[in-house]
Amino acid sequence: MTKHYLSDSSNYILRRYPDGGQILKELIQNADDAGATEVVFIHDDRSYGTENLWAEDLAKYQGPALYAYNNSVARSVKRGDPNKVGRFGLGFNSVYHITDVTSIFSAGHLGMMDPQEKIFGEQKGGFRWSLEEEDDREALTMMIDQFQPFRDIVSLVSRQEWSRVIQEDQNFNGTLFRFPLRSEESEISDNLYSYEKVVELFDSFIADAELSLLFLKNVSSVSLIHINALGSVSTKLQVKSTTSQDVDLKSCDGVTEGLTQIKTITLDSEESRETKWLVTSCTMTEGNVDELDYLAEKLKFLPRIDLAFPCDDVHTDCSKSRLCCFLPLPNNDSNKTGLPVYVNAYFGLTDNRRHIKWLEEDQRNDEHAIWNEKLIKEVLPKTYLTIIQDAIRLVQDDILLVNSIYNLWPDISQVQHKEKWYEVAMDVLSQLFSQDVAVLSLAKDERQFITLKKAVLPCNGPTTCETLSAITRILVSCDVNLVTLSDSVTRAINDVYPDYSSLTHVTPAFLRNTLRSSGVKDISDADRLALLEFVLSDEQYSELHGLQLLPRSDGSFKSFTDREEDTVLIDSKEFPRYIRFFGVIALSGTDLKSPVIVYLYMVTNIDANQVVRFTKSQLPDDWKKTENKLVTWDVSSGLHPPLIWLQEFWRFLDCHFTELSSLIGLPLIPVNTVSSSQPVKLAKIQRLPTLIFEKSKKLVIPDSITQLVNKVGGTVLKENNWLRHEDLDSYVLSPSQNMFCKCL
């Protein structure tokens with residue numbers, strides 16, 4: 001940088017390359033282009049002596065400084081080399097936000113650049129010492145104060161003695177930059193660089209450190225080191241990347257050449273963490289897209305896209321993914337895609353290298369913008385399909401988690417407000433479906449994948465987790481090609497697949513046919529109830545014939561039929577659970593959802609007389625065998641009805657019967673107090689009228705008892721509204737002690 005160039009361009013360049021973490025990124029890019037594998041940044045707070053200097057004006061640059069070291073030797077970079085990220089070299093000038101004098105030590109030379117031309121003489125923009133020259137070697141060795149900063153840092157980063165490097169080797173196998181922090185305003189900038197600003201510089205890089213090594217070709221280690229004023233050294237950050245030797249998937253389809261690898265990023269800072277990334281690169285071969293070939297040659301770019309996906313994430317956060325040009329671009333909305341992958345390419349960037357150029361009204365003919373659009377249209381979808389297909393291979397080899405596959409799919413809901421990336425997502429999904437790729441995971445073995453056309457898709461609708469689990473278990477046992485889908489994959493299929501109705505879904509009809517054809521019998525009771533609810537949901541009740549899903553009160557299940565002898569009763573408000581004892585169906589709204597109950601009412605056509613007939617047929621054997629008018633009801637016996645039975649049965653009779661002739665012979669009238677502690681005598685209903693009152697006491701007859709007596713054709717004898725025992729032939733019971741009278 002000459003003074004003339006400085007005066008014309010410096011402020012413009014510094015505006016193009018903003019202060020902050022971008023400075024470190026530019027230096028990393030330069031190191032990567034030079035083939036370096038290691039980069040170290042050092043913030044040194046020490047101040048060095050000023051007595052023994054090459055030039056008196058260098059004294060003010062002996063204070064705190066920022067160093068950048070890499071383990072390659074600096075070389076010239078060809079402007080037209082498409083393999084070089086920083087091929088235009090201007091990004092290096094961002095260091096002048098920090099310093100006025102830059103020093104470089106590499107191979108056989110140490111140089112200082114003075115763009116202001118104030119230190120080394122008029123029209124001298126710097127000075128270079130050569131390790132091949134004896135006088136220069138002597139100066140580098142004997143001028144202790146001047147070169148002590150280099151002596152200390154070279155020893156730290158390379159473990160080499162300064163004297164050996166200078167006098168014996170006469171070569172430094174690496175590159176070391178020194179940027180003395182600006183302590184006063186200059187012609188270059190009025191930006192003073194304090195300790196706090198360097199801390200901010202480091203912090204801004206730390207925020208993206210994990211992403212910084214994903215797409216670099218050579219650099220695999222970056223460290224941030226601080227040296228305090230007393231010389232104490234501490235490492236603030238070290239981030240490393242390693243590529244697994246076990247994964248090296250190559251592909252070539254005549255259009256693109258692909259490579260998929262797994263990179264592990266290890267970050268040691270205040271907290272240590274390790275993340276694994278699936279990284280796929282695809283390069284468009286020449287002769288497939290003419291315009292891409294033309295622009296690649298003219299712009300000296302490579303038609304290549306890299307995608308990186310975090311393998312360890314159970315749930316992928318699409319809001320974090322963004323664009324990269326070998327190093328991550330600034331974390332702002334314009335650089336976020338909404339895709340689950342990070343996208344890297346040889347993008348044409350704006351002048352400040354912070355944004356990608358796109359075809360907008362003011363740059364319709366911008367070749368860099370056209371190139372970018374072509375890349376994401378032609379190369380990105382093919383790269384995306386490659387990373388999904390390679391991920392499936394790695395899942396099948398137990399290298400990746402199964403959920404990685406669906407996490408890789410573009411999520412339509414995450415890109416619907418990003419027009420450009422929505423189009424990319426739709427394009428990727430369209431190609432995925434049109435090529436009929438086996439990308440759906442089978443429920444019976446999640447590491448097996450089939451095509452969409454061969455798959456049976458899960459039921460689509462409001463279904464409980466218990467029902468879904470039951471359906472999955474039964475279909476898997478029937479060897480059906482049921483697949484599991486995430487919500488985002490379900491949306492993708494629904495929104496993008498061209499003939500959605502032609503796909504096979506789990507529907508009530510599909511499940512009924514599967515159950516009927518497979519004859520599956522080994523189903524748990526809970527699963528049968530869940531399946532019953534689902535197969536009833538389309539209200540095709542006539543299609544249930546032959547399915548053994550009808551639950552009985554004894555815990556068993558019977559098949560749906562239309563035979564009279566298979567009639568069932570349902571527990572409900574009208575047909576309460578007291579009939580459970582008699583072995584018929586005993587269901588309620590707490591057991592099954594209302595569609596099931598509605599259906600059972602419809603197919604069984606239950607009426608009150610059927611309840612009575614069932615009750616008579618299911619009476620305990622000892623009751624049916626006795627010819628006595630009295631039977632013994634032992635509530636504690638498992639063979640007799642429960643305690644609540646009598647009260648509920650009379651409530652049922654009161655609701656559904658206007659006359660009781662059909663109940664003759666049923667033991668329904670308690671003779672003594674109903675109790676769980678002792679047997680109860682029940683009288684059978686006879687053809688003669690039966691009146692009830694308390695023996696030896698006068699009793700006011702309630703209207704309800706009068707109505708009941710009238711129902712059976714009897715009369716209530718009254719004298720002054722009193723009923724006398726001696727006038728009647730009846731059984732007696734106190735109303736205050738008997739549930740039967742209470743319910744009446």
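Positions are given from 1 along the sequence.
Salt bridge D312/K276: absent, no basic N to carboxylate O contact under 4.0 Å.
Aromatic ring centres of Y346 and F326: separated by under 6.0 Å. For H97 and F179, the gap between ring centers reaches or exceeds 6.0 Å.
Annotation: salt bridge (Lys or Arg N to Asp or Glu O under 4.0 Å) contacts of E274 (sequence neighbours excluded): none. Not a single ring-ring contact (aromatic ring centres under 6.0 Å, His included) links F205 to another residue, sequence neighbours left out. Residues that satisfy the salt bridge (Lys or Arg N to Asp or Glu O under 4.0 Å) test with K420, not counting sequence neighbours, are E373. Here E200 pairs with nothing under the salt bridge (Lys or Arg N to Asp or Glu O under 4.0 Å) rule; sequence neighbours left out. For T350, the side-chain hydrogen bond (donor to acceptor under 3.5 Å, both in side chains) criterion is met by N352, not counting sequence neighbours.
With contacts defined as side-chain heavy-atom distances shorter than 4.5 Å, the pair Y96/T102 qualifies. For the pair R178 and I153, the minimum side-chain heavy-atom distance is 4.5 Å or more. Side-chain atoms of T484 and Y406, non-hydrogen and from C-beta on, do get closer than 4.5 Å to each other. Between L201 and L66, the closest side-chain pair of non-hydrogen atoms falls below 4.5 Å. With a 4.5 Å cut-off on side-chain heavy atoms, Y69 and I42 do not count as touching. Contact annotation: the side chain of L24 approaches that of F202 to within less than 4.5 Å [non-hydrogen atoms, C-beta and beyond]. By the 4.5 Å heavy-atom criterion applied to side chains, N407 and L401 are not counted as neighbours.
Other residues, nucleotides and ligands place more than 12 heavy atoms under 6.0 Å from the CD atom of Q435. Remark: N494 CG is packed, more than 12 non-hydrogen atoms of other residues, nucleotides or ligands lying under 6.0 Å away. Crowding of K236 atom NZ: a count of heavy atoms from other residues, nucleotides or ligands under 6.0 Å not exceeding 12. When the shell of 6.0 Å around OH of Y497 is examined, it contains more than 12 heavy atoms from other residues, nucleotides or ligands. In D499, the CG atom is crowded: over 12 heavy atoms of neighbouring residues, nucleotides or ligands sit closer than 6.0 Å.
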Worksheet item: What's the verdict on side-chain contact (heavy atoms from CB on, under 4.5 Å) for I412 and L429, showing C-alpha distance, side-chain angles and the deciding distance?
Response: CA-CA 10 Å; I412 299 297; L429 293 170; 3.6 Å; yes
Discussion item. Please evaluate residues N332 and N335 with respect to the criterion side chain to side chain donor-acceptor pair (under 3.5 Å), reporting the C-alpha separation (whole Å), side-chain torsions for both, the decisive distance (0.1 Å), and the verdict.
Written reply: CA-CA 6 Å; N332 53 47; N335 291 324; 3.2 Å; yes
Practice prompt. For the pair L339 and W421, evaluate side-chain contact (heavy atoms from CB on, under 4.5 Å) and give the outcome as yes or no after the intermediate values.
Written response: CA-CA 8 Å; L339 298 171; W421 302 108; 4.0 Å; yes
Practice prompt. Please test Q22 against S94 for side chain to side chain donor-acceptor pair (under 3.5 Å), starting from the C-alpha separation and ending with a verdict.
Written response: CA-CA 8 Å; Q22 185 75 13; S94 62; over 6 Å; no
Fill in: Audit row: E286, L292, side-chain contact (heavy atoms from CB on, under 4.5 Å) steps and yes/no
CA-CA 9 Å; E286 192 173 353; L292 211 54; over 6 Å; no
Practice prompt. Walk me through it: do K444 and N481 pass the test side-chain contact (heavy atoms from CB on, under 4.5 Å)?
Written response: CA-CA 8 Å; K444 62 184 175 184; N481 281 339; 3.9 Å; yes
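Note: H226 and H43 have tilted aromatic rings, judged against thresholds of 30 and 60 degrees for the angle between ring planes. Note on ring orientation: taking the six-membered ring where Trp is involved, the planes of W358 and F347 are perpendicular (angle over 60°, cut-offs 30° and 60°).
Listed by first and then second residue, the salt bridge (charged side-chain N to carboxylate O under 4.0 Å, His left out) pairs involving residues 421-430 are K377-D427 (not counting sequence neighbours). For the side-chain hydrogen bond (donor to acceptor under 3.5 Å, both in side chains) condition, the pairs that include at least one residue of residues 380-393, sequence neighbours left out, are T260-D390. Within the structure, side-chain hydrogen bond (donor to acceptor under 3.5 Å, both in side chains) contacts touching residues 239-250 (residues at least two apart or in different chains) are D248-Q261. Residue pairs meeting the salt bridge (charged side-chain N to carboxylate O under 4.0 Å, His left out) criterion with at least one member in residues 252-271: none, sequence neighbours excluded. Note on residues 245-275: no pairs pass ring pair (Phe, Tyr, Trp, His ring centres under 6.0 Å), not counting sequence neighbours. Here ring pair (Phe, Tyr, Trp, His ring centres under 6.0 Å) pairs that include residues 245-296, with residues two or more places apart or in two chains, are W277-Y342. Residue pairs that meet the salt bridge (charged side-chain N to carboxylate O under 4.0 Å, His left out) test with at least one member in residues 398-415, sequence neighbours left out, are D398-R447, D411-R491.
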